[in-house]
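Okay, structure first, notes after.
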Amino acid sequence: MEASKVINTPIATTPRLDLDESNSSVNQTMYRGIIGSLLYLTASRPDIVFSMVLCARFQSNPKESYLKAAKRILRYLKGTHDLVLYYPSGDNLNLVRYADADYVGYLVDRKSTSGMAHFLGSCLISWGTRKQNSEALSTAEA
């Protein structure tokens with residue numbers, strides 16, 4: 001990975017990570033080690049949370065395509081090591097919340113993933129993503 005090229009996005013928009021039976025399996029211990037390391041980094045790097053969670057869904061039976069996606073996140077981190085959370089001092093204390101949902105983004109069980117971010121002034125104070133409990137039959141339900 002030291003000689004790998006850096007990349008601008010933590011995950012590719014196409015093709016999506018889905019149940020992949022065609023590729024060969026990879027070492028489960030190594031894959032789980034990568035996912036564990038990425039999970040540790042999410043405390044200070046909210047930009048990789050969504051991609052890391054997508055890769056973490058396949059820990060029980062990792063395939064070559066999932067390992068490739070996890071390595072893409074590592075290549076992204078290599079190129080963005082200077083990104084940090086910054087909290088400037090000031091008197092602007094407006095609380096703003098943003099939310100978004102990915103309608104049927106995970107084609108294996110057809111469940112949507114929703115995400116949110118909270119800002120106090122211009123500072124990110126909390127963030128999160130979760131896979132919804134039920135299947136959405138339309139974008140209005142998602």
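Here the structure is a predicted model, which means the values were calculated and not measured.
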* Measure from the side-chain N and O atoms of Arg75 to the backbone N and O of Lys5, and report whether any donor-acceptor pair falls under 3.5 Å. => yes

* To do: Determine whether Leu124 and Pro46 make a side-chain contact, defined as any pair of heavy atoms from C-beta on separated by less than 4.5 Å.
  => yes

* With rounding to the nearest 0.5 Å, note down the distance linking CZ in Phe50 to CD1 in Ile11. => 6.5 Å

* Structure fact -> What one should report as the nearest heavy-atom pair of Ala69 and Cys55 is CB-SG, 3.8 Å

* Please examine the side chains of Leu38 and Leu74, heavy atoms only from C-beta on, and report whether any two atoms are closer than 4.5 Å. => yes

* To do: Taking the side chain as every heavy atom from C-beta outward, state whether Arg45 and Thr80 have any atom pair closer than 4.5 Å.
  => yes

* Asked: Does the side chain of Val49 come within less than 4.5 Å of Trp127's, by heavy atoms?
  -> yes

* **Shared hydrophobic cluster, Leu77 / Val6 (ILVMFWY, side-chain heavy atoms < 4.5 Å)** => no

* With the side chain counted from C-beta on, respond yes when Lys63 and Val26 share a heavy-atom pair under 4.5 Å apart, and no when they do not. => no

* Asked: Crowded around Asn8 CG? As in, over 12 foreign heavy atoms under 6.0 Å?
  -> no

* Asked: Out of curiosity, Ser37 OG to Arg32 CZ, how far, rounded to the nearest 0.5 Å?
  -> 14.0 Å

* Do Met116 and Leu54 belong together in a cluster built from hydrophobic side chains that touch within less than 4.5 Å? -> no

* Within a strict 4.5 Å, meaning less than it, do heavy atoms of the Leu67 and Asn27 side chains meet? -> no

* To do: Give the intermediate values and the outcome of side-chain contact (heavy atoms from CB on, under 4.5 Å) for residues Ile35 and Met52.
  => CA-CA 7 Å; Ile35 296 300; Met52 191 278 310; 4.2 Å; yes

* Asked: Short question: side chain of Gln28, backbone of Gln59 - any donor-acceptor pair under 3.5 Å?
  -> yes

* State, to 0.1 Å, how close Leu120 and Leu93 come at their nearest heavy-atom pair, and which atoms those are. => CD1-O, 3.6 Å

* Donor on one side chain, acceptor on other, Arg72 and Ser51, under 3.5 Å -> no

* To do: Classify the ring geometry between Tyr66 and Tyr31 as parallel (under 30°), tilted (30 to 60°) or perpendicular (over 60°).
  => tilted

* Ser25 and Asn61, any side-chain heavy atoms less than 4.5 Å apart -> yes

* Would you check if there is a donor-acceptor pair between the side chains of Asp47 and Tyr76 at a distance under 3.5 Å? => yes

* Under 4.5 Å between side-chain heavy atoms, hopping through other hydrophobics if needed: is there a path connecting Ile73 to Tyr40? -> no

* Asked: Do the side chains of Leu83 and Ile48 join up, straight or via other hydrophobic residues, at under 4.5 Å, putting them in one cluster?
  -> yes

* Mark yes when over 12 heavy atoms from residues, nucleotides or ligands other than Lys78 sit less than 6.0 Å from its NZ; otherwise mark no. => yes

* Looking at side-chain heavy atoms only, is the closest gap between Val53 and Arg130 below 4.5 Å? -> no

